[in-house]
Amino acid sequence: MPTPRRYWLMKSEPDSFSIDDLARVGTEPWNGVRNYQARNHMRQMKPGDGVLFYHSSCPVPGIAGLATVATEAYPDPTQFDRKSDYYDPKSTREDPRWSLVDVKFDRKFASVLPLEEIKQHADALGDEFALIKRGTRLSVLPVTAAQWKTLLKLEPRA
DNA sequence: GCCAACGTTGGC
DNA sequence: GCCAACGTTGGC
């Protein structure tokens, strides 16, 4: 039996990589994640999983569009690159510490679904939803099928 | 720019 | 293994 499709939310600062950037390149290796929980989530991903593309640290933080997981997790090459900001001297090729997946553009929302509005639906989403839980800074987090459905219903139409 | 929350590092 | 210091995230 095939593994059911799962859902995730991935944060990106639009100043460095936005939904428009993803639309332009089509597919992007999600490099630079240096948090174990976020990494572990990426290691669970399967091609075809749904991704909510979230803009963080910007004037209107929120969900900017949809993407799809395009690969299984594989070692993040930037961890071996001495010139990269993401270089990790403690990681080895024999035992890579950091993983990533490729993420493929699906579509851009007509406008960003603001975090502010998402928070107003905490009842439907559940207080434990990491996106709206106070103090959670996780950049890659799981989304349940019910949460996915709820959030897509909130998608701005214009 | 501020600051709360959290993760990581490193001395002991 | 504890915990203080430090760095980072990310909303506001």
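First the proteins, then the strands, lettered A, B, ... as listed; each starts at 1.
Following rounding to the nearest Å, A:Tyr36 (OH) and B:dT9 (C1') show an atom-to-atom distance of 11 Å. Atom-to-atom, CD of A:Gln37 to P of B:dC6 comes out at 11 Å; the value is rounded to the nearest Å. Atom CZ in A:Arg97 sits about 13 Å away from atom C1' in B:dG7, given to the nearest Å. Distance A:Tyr86 OH to C:dT8 P: 12 Å, rounded to the nearest Å. Following rounding to the nearest Å, A:Arg34 (CZ) and B:dT9 (P) show an atom-to-atom distance of 12 Å. A:Asp85 has its CG atom 16 Å from the P atom of C:dG7, to the nearest Å.
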Which pairs would a plain distance check flag for residues 71-89 of chain A, meaning a side-chain donor or acceptor within less than 3.5 Å of a matching protein atom at least two apart in sequence or in another chain?
| unit_1 | atom_1 | unit_2 | atom_2 | d |
| --- | --- | --- | --- | --- |
| A:Thr71 | OG1 | A:Asp102 | N | 2.9 |
| A:Glu72 | OE1 | A:Lys46 | NZ | 3.4 |
| A:Tyr74 | OH | A:Asp102 | OD1 | 2.5 |
| A:Asp76 | OD1 | A:Thr78 | N | 2.9 |
| A:Asp76 | OD1 | A:Thr78 | OG1 | 2.7 |
| A:Asp76 | OD2 | A:Gly32 | N | 2.8 |
| A:Asp76 | OD2 | A:Arg34 | NH1 | 3.0 |
| A:Asp76 | OD2 | A:Arg34 | NH2 | 3.4 |
| A:Asp76 | OD2 | A:Thr78 | OG1 | 3.2 |
| A:Thr78 | OG1 | A:Arg34 | NH2 | 3.0 |
| A:Gln79 | OE1 | A:Ser91 | OG | 2.7 |
| A:Gln79 | OE1 | A:Arg97 | N | 3.1 |
| A:Gln79 | OE1 | A:Trp98 | N | 2.9 |
| A:Gln79 | NE2 | A:Asp76 | O | 2.8 |
| A:Gln79 | NE2 | A:Trp98 | O | 2.8 |
| A:Asp81 | OD1 | A:Lys83 | N | 2.9 |
| A:Arg82 | NH1 | A:Tyr87 | OH | 3.4 |
| A:Ser84 | OG | A:Tyr86 | N | 2.9 |
| A:Asp88 | OD1 | A:Lys90 | N | 2.9 |
| A:Asp88 | OD2 | A:Trp98 | NE1 | 2.8 |

Give every donor-acceptor pair under 3.5 Å between a side-chain atom in residues 114-136 of chain A and any protein atom, sequence neighbours left out.
| unit_1 | atom_1 | unit_2 | atom_2 | d |
| --- | --- | --- | --- | --- |
| A:Thr136 | OG1 | A:Lys133 | O | 3.4 |

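Summarising the geometry, atom CD belonging to A:Glu28 is positioned 8.5 Å from atom CZ belonging to A:Phe53; distances are rounded to the nearest 0.5 Å. A distance of 7.0 Å separates CE of A:Met42 from OG of A:Ser99, quoted to the nearest 0.5 Å. Between the OG1 atom of A:Thr27 and the NZ atom of A:Lys104 there is a distance of 6.0 Å, given to the nearest 0.5 Å.
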Intermediate values then yes/no, side-chain contact (heavy atoms from CB on, under 4.5 Å), A:Leu9 and A:Gln147: CA-CA 11 Å; A:Leu9 182 143; A:Gln147 288 163 346; over 6 Å; no
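Each of A:Val143, A:Val69, A:Val103 was scored for a side-chain contact (heavy atoms from CB on, under 4.5 Å) with A:Asp49, with one residue passing: A:Val69.
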What pairs of nitrogen or oxygen atoms, one from the protein and one from nucleotides 10-12 of chain C, lie under 3.5 Å apart?
| unit_1 | atom_1 | unit_2 | atom_2 | d |
| --- | --- | --- | --- | --- |
| C:dG10 | OP1 | A:Lys11 | NZ | 3.3 |
| C:dG10 | OP1 | A:Arg137 | O | 2.4 |
| C:dG11 | OP1 | A:Tyr54 | OH | 2.7 |
| C:dG11 | OP2 | A:Ser57 | N | 3.0 |
| C:dC12 | OP1 | A:Lys119 | NZ | 2.6 |

Interface polar pairs with nucleotides 1-5 of chain C, N/O, under 3.5 angstrom:
none

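Smallest separation of non-hydrogen atoms from A:Leu113 and A:Leu154: CD1-O, 3.5 Å. Of all the heavy atoms in A:Pro14 and A:Cys58, the pair that sits closest is CG-CB, 3.6 Å.
Residues that satisfy the salt bridge (Lys or Arg N to Asp or Glu O under 4.0 Å) test with A:Arg43, not counting sequence neighbours, are absent from this structure.
In this structure, A:Phe17 and A:Trp30 have perpendicular ring planes: the angle between them is above 60°, well past the 30° mark.
Rotation axes derived from the C1' atoms of the five outermost pairs at either end of the helix from B:dG1-C:dC12 to B:dC12-C:dG1 lie 10° apart, to the nearest 10°.
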